[in-house]
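For ligands, and for the atoms within them, numbers begin at 1 and follow the listed sequence.
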Amino acid sequence: MAMQAGLDAHIVIVGCGISGIGAALKLTQHGFKNVKILEASGRSGGRIKSTSFGNGIVEIGANWIHGPSKENPVFRLACEHKLLDDKSMSEENQAVDVGGHPPFVPVFYSSSGKRLGPEIVEPASQLFSSLLKNSQEFFGTEIEPYPSVGEYMKKEIMHHTAQWKDDAETKRLKMAILSTMLKLECSICGSHSMDLVGLGSFGSYQTLPGIDCTFPGGYESLIHAMMKGLPQGIVSYNTPVKCVHWNGSFRPTQPSEPTYPVVVECENGEIVPADHVIVTVSLGYLKQYCQTFLNPPLPLHKAHSIKRMGFGTNNKIFLEFEKPFWDPSCQVISLAWEDESSLYDATPDVKKLWVKKLFGFTVQHSDERLGHVLCGWIAGHESEYMEELSDAEVKESVTEVLRRFIGDSTITPKRVFRSKWHSDLYTKGSYSYLSVGCSISDIDNIGQPLPLPGSNSRPFQVLFAGEATHPSFYSTTHGALLSGWREADRLISYSTPSVPGTGNLNSKL
Ligand SMILES: Cc1cc2nc3c(=O)[nH]c(=O)nc-3n(C[C@H](O)[C@H](O)[C@H](O)COP(=O)(O)OP(=O)(O)OC[C@H]3O[C@@H](n4cnc5c(N)ncnc54)[C@H](O)[C@@H]3O)c2cc1C
């Protein structure tokens with residue numbers, strides 16, 4: 001089969017999120033001349049998406065650099081492009097290990113409008129944190145006392161709290177706090193319930209040191225900086241890919257032209273021939289179009305892993321206020337529903353009770369310059385249902401909750417705005433997690449290039465990147481970026497073999 005060799009290879013990247021951009025940058029900087037990105041939407045960045053709200057910027061998608069320290073490539077890039085403030089870049093900030101959770105001290109309110117004191121909040125949150133840490137320790141041990149993190153946490157919480165000597169009222173409040181913490185974990189994992197998150201593989205997610213930080217100019221400032229490094233015109237926007245036809249011998253137009261093993265068929269009828277295609281679409285998108293996105297279809301073990309792995313929704317509801325009703329030092333307002341003493345992180349009636357899945361609000365901005373903005377967090381099917389409601393309905397429900405918990409009937413947001421990641425046609429949710437019955441070999445399967453090893457066909461026709469293909473940093477921007485680099489490196493090693501005696505010349509570029 002004639003084909004483009006070496007740096008002349010035609011490479012198509014499907015998706016212009018951070019993994020696709022990262023792959024394109026590595027390939028073009030390495031000297032590949034024919035790299036193209038096909039992006040379904042009208043913008044770059046995918047799940048990195050910032051917008052103005054109030055007088056400042058809010059993040060519709062990714063919020064923090066998790067673990068901003070030297071090992072984190074997103075942190076390194078952000079520093080290189082001078083996108084962070086001095087505190088975030090300081091050695092002290094990088095040295096602190098917070099174990100994956102932003103070190104916020106929440107202020108808890110109960111559904112009867114009481115502010116809960118540290119004597120109630122601290123024992124509950126300490127118990128939760130220590131059990132959550134224990135739940136990560138089953139990874140690699142082959143021992144899994146329960147299938148899910150949720151079941152393990154609930155059983156252990158019941159066991160430990162049985163020994164508490166509190167009066168009934170105090171115990172009820174502590175249990176309500178523990179329910180809220182389960183809901184917070186649902187938001188962190190992007191899962192409907194912690195009962196869906198696999199226990200044995202939970203510890204596969206690795207954290208990096210550094211206190212999580214944000215981008216003063218928006219996460220998207222990183223995307224803009226990265227895009228400047230790409231050749232002009234490399235991205236075709238508003239060009240959804242319908243199907244990747246691989247393992248063929250496609251001749252574009254002229255008989256004199258070479259043949260290509262892959263052609264990418266776009267929704268608009270455009271056909272793009274390629275030697276290699278890097279697919280970076282979300283796991284949510286792959287789940288929906290698993291049967292039709294590739295022709296020949298995905299090998300069964302890959303399709304099964306795509307089905308098995310978890311991909312859920314986490315949304316944000318931004319509220320702008322004329323004046324803050326919270327203390328200047330407050331970072332998080334957490335909600336404890338007093339009737340939730342039986343530990344539940346999924347509501348029995350999504351339509352009626354969706355708002356109970358909100359675990360609380362982070363304070364986004366609270367100053368005269370940027371305005372007073374809270375961000376409510378909601379995961380799961382409740383979050384997906386929330387996307388279907390009108391702005392007025394969401395505003396009314398969330399205002400009612402705030403008035404009830406804070407005990408102030410005058411609280412009225414000026415403006416409400418929310419993300420809708422589940423109904424986003426090209427994302428279909430927020431991020432991936434390892435669900436019950438899954439292991440990191442499912443992640444390996446999803447990331448495995450086609451054709452599979454052992455085939456006589458030309459290797460690396462279709463490669464897979466994106467956050468869901470990183471074995472320890474799935475669900476993050478750094479996992480996504482590293483996965484894009486990984487696939488670019490695969491093509492670099494394949495297409496530009498080392499010259500004997502010189503090592504891989506290109507790798508030194
Ligand atoms: C609410 C929310 C909060 C988050 N918070 C954080 C955080 O604080 N820290 C963190 O590290 N991570 C966070 N994440 C996760 C992070 O945003 C993602 O892991 C990362 O951005 C994924 O990048 P990606 O390149 O893998 O995928 P994407 O960004 O989804 O890029 C894929 C691209 O493919 C395009 N596409 C899809 N289908 C097609 C098609 N058929 N044809 C062509 N193009 C297509 C999409 O439009 C998209 O642009 C958050 C995500 C969400 C949603």
**Student:** Just to verify, what does P413 make a side-chain contact (heavy atoms from CB on, under 4.5 Å) with, not counting sequence neighbours?
**Tutor:** L319, F321, K395, T399, V416

**Student:** For T476, counting its heavy atoms only, list the atoms of ligand 1 lying under 4.0 Å from any of them.
**Tutor:** 10 (C), 11 (O), 12 (N), 19 (O)

**Student:** Once you measure the plane-to-plane angle for F318 and F53, does it fall in the parallel (<30°), tilted (30-60°) or perpendicular (>60°) bin?
**Tutor:** tilted

**Student:** Is any N or O atom of S19, backbone or side chain, closer than 3.5 Å to an N or O atom of ligand 1?
**Tutor:** yes

**Student:** Establish, from distance only, whether the side-chain atoms of T313 and E384 form a donor-acceptor pair under 3.5 Å.
**Tutor:** yes

**Student:** Answer yes when K414 and E320 have at least one side-chain N-carboxylate O distance shorter than 4.0 Å, and no when they do not.
**Tutor:** yes

**Student:** For G466, take its heavy atoms, then give the atoms of ligand 1 lying under 4.0 Å from any of them.
**Tutor:** 26 (O)

**Student:** For atom 43 (C) of ligand 1, find the nearest protein heavy atom and state the residue, atom name and distance (0.1 Å precision).
**Tutor:** A40 N, 3.3 Å

**Student:** Check this for me, if you would: do R458 and D275 make a salt bridge, where the nitrogen-to-carboxylate-oxygen distance has to be below 4.0 angstrom?
**Tutor:** yes

**Student:** Does ligand 1 have a heavy atom under 4.0 Å from the side chain of S44, from its backbone, from both, or from neither?
**Tutor:** neither

**Student:** Name the closest protein heavy atom to atom 9 (N) of ligand 1, giving the residue it belongs to and the distance to 0.1 Å.
**Tutor:** W64 O, 2.8 Å

**Student:** Can you tell me the protein heavy atom closest to atom 34 (O) of ligand 1 and the distance?
**Tutor:** G15 CA, 3.2 Å

**Student:** Number the atoms of ligand 1 from 1 as they appear, then name those within less than 4.0 Å of a heavy atom of G46, with their elements.
**Tutor:** 29 (O), 48 (C), 49 (O)

**Student:** Which part of L38 is near ligand 1, with near meaning a heavy atom under 4.0 Å away: side chain, backbone, both or neither?
**Tutor:** backbone

**Student:** Atom 37 (C) of ligand 1: which protein heavy atom is closest, and how many Å away?
**Tutor:** Y426 O, 3.3 Å

**Student:** So if I count the atoms of ligand 1 from 1 in the order they appear, which ones are less than 4.0 Å from some heavy atom of I60?
**Tutor:** 1 (C)

**Student:** Looking at ligand 1, does any of its N/O atoms fall within less than 3.5 Å of an N/O of V241?
**Tutor:** yes

**Student:** Output yes when E382 and K351 qualify as a salt bridge under the 4.0 Å nitrogen-oxygen rule, no when they do not.
**Tutor:** no

**Student:** As an exercise, identify every atom of ligand 1 less than 4.0 angstrom from a heavy atom of G45.
**Tutor:** 29 (O)

**Student:** Is the count of non-hydrogen atoms from other residues, nucleotides or ligands lying under 6.0 Å from K242 atom NZ greater than 12?
**Tutor:** no

**Student:** If you measure every N/O of N63 against every N/O of ligand 1, is any gap under 3.5 Å?
**Tutor:** yes

**Student:** Pick one: which of V241, V12, T239 meets side-chain contact (heavy atoms from CB on, under 4.5 Å) with V272?
**Tutor:** V12

**Student:** Nearest to atom 26 (O) of ligand 1, what protein heavy atom do you find, and at what distance?
**Tutor:** E467 N, 2.9 Å

**Student:** Please state which protein non-hydrogen atom is closest to atom 48 (C) of ligand 1 and give its distance, to 0.1 Å?
**Tutor:** E39 OE1, 3.5 Å

**Student:** May I ask you to check whether R47 has an N/O atom sitting below 3.5 Å from an N/O atom of ligand 1?
**Tutor:** yes

**Student:** Tell me the nearest of G479, G190, A62 to atom 6 (C) of ligand 1, using heavy-atom distances.
**Tutor:** A62

**Student:** Mind checking whether F250 and H245 have parallel, tilted or perpendicular rings, split at 30° and 60°?
**Tutor:** perpendicular

**Student:** Kindly confirm or rule out an N or O of Y431 lying under 3.5 angstrom from an N or O of ligand 1.
**Tutor:** no

**Student:** Does the N or O separation between H66 and ligand 1 drop below 3.5 Å for any pair?
**Tutor:** yes

**Student:** For ligand 1, indicate whether the residue T427 contacts it via side chain, backbone, both or neither (heavy-atom separation under 4.0 Å).
**Tutor:** neither

**Student:** Between R76 and E71, is the closest basic N to carboxylate O distance under 4.0 Å?
**Tutor:** no

**Student:** What protein heavy atom is closest to atom 3 (C) of ligand 1, reported as residue, atom name and distance in Å?
**Tutor:** G61 O, 3.3 Å

**Student:** Test side-chain hydrogen bond (donor to acceptor under 3.5 Å, both in side chains) on Q364 and T362 and set out the steps.
**Tutor:** CA-CA 6 Å; Q364 293 293 293; T362 48; 3.2 Å; yes

**Student:** Is the shortest distance from a Lys or Arg side-chain nitrogen in D442 or R308 to a carboxylate oxygen in the other one below 4.0 Å?
**Tutor:** yes

**Student:** Can you check whether H276 and F460 have ring centres sitting under 6.0 Å from each other?
**Tutor:** no

**Student:** Return a yes/no value for W421: is any of its N or O atoms, backbone included, closer than 3.5 angstrom to an N or O of ligand 1?
**Tutor:** no

**Student:** I'd like to know if S419 contacts ligand 1, where contact means a heavy-atom distance under 4.0 Å to any ligand atom.
**Tutor:** no

**Student:** Checking contacts here: is it the side chain or the backbone of N314 that comes within 4.0 Å of ligand 1, counting heavy atoms only? Could be both or neither.
**Tutor:** backbone

**Student:** Answer yes or no: does atom CG of N268 have more than 12 heavy-atom neighbours from other residues, nucleotides or ligands under 6.0 Å?
**Tutor:** yes

**Student:** For atom 15 (C) of ligand 1, tell me which residue out of S430, S475, C16, G20 has the closest non-hydrogen atom.
**Tutor:** S475

**Student:** Verify whether the ring centers belonging to Y205 and Y474 lie closer than 6.0 Å.
**Tutor:** yes

**Student:** Which atoms of ligand 1 sit under 4.0 Å from any heavy atom of I48?
**Tutor:** 21 (O)

**Student:** Which heavy atom of the protein is the closest neighbour of atom 36 (N) of ligand 1, given with residue, atom name and distance?
**Tutor:** V281 CG1, 3.9 Å

**Student:** Using the ring of Y237 (Phe, Tyr or Trp, six-membered ring only), decide whether R43 places NZ or CZ under 6.0 Å from its centre and within 45 degrees of its axis.
**Tutor:** no

**Student:** At a 4.0 Å threshold, what atoms of ligand 1 neighbour a non-hydrogen atom of P240?
**Tutor:** 42 (N)

**Student:** Has T280 got any heavy atom lying under 4.0 angstrom from an atom of ligand 1?
**Tutor:** yes

**Student:** With a 4.0 Å cut-off on heavy atoms, is N315 in contact with ligand 1?
**Tutor:** no

**Student:** Could you list the residues that satisfy salt bridge (Lys or Arg N to Asp or Glu O under 4.0 Å) with D444, not counting sequence neighbours?
**Tutor:** none

**Student:** Going by the order shown, which atoms of ligand 1 are within less than 4.0 Å of some heavy atom of A480?
**Tutor:** 22 (C), 23 (O), 24 (P), 26 (O)

**Student:** Using the side-chain hydrogen bond (donor to acceptor under 3.5 Å, both in side chains) rule, take R47 and T477 through it: C-alpha gap first, then chi angles, then the decisive distance, then the call.
**Tutor:** CA-CA 9 Å; R47 281 170 275 172; T477 54; over 6 Å; no

**Student:** Under a heavy-atom criterion of less than 4.0 Å, does S483 contact ligand 1?
**Tutor:** no

**Student:** How does Y285 reach ligand 1, by side chain, by backbone, by both or by neither, if only non-hydrogen atoms under 4.0 Å count?
**Tutor:** side chain

**Student:** Less than 6.0 angstrom separating the ring centers of W64 and F215, yes or no?
**Tutor:** no

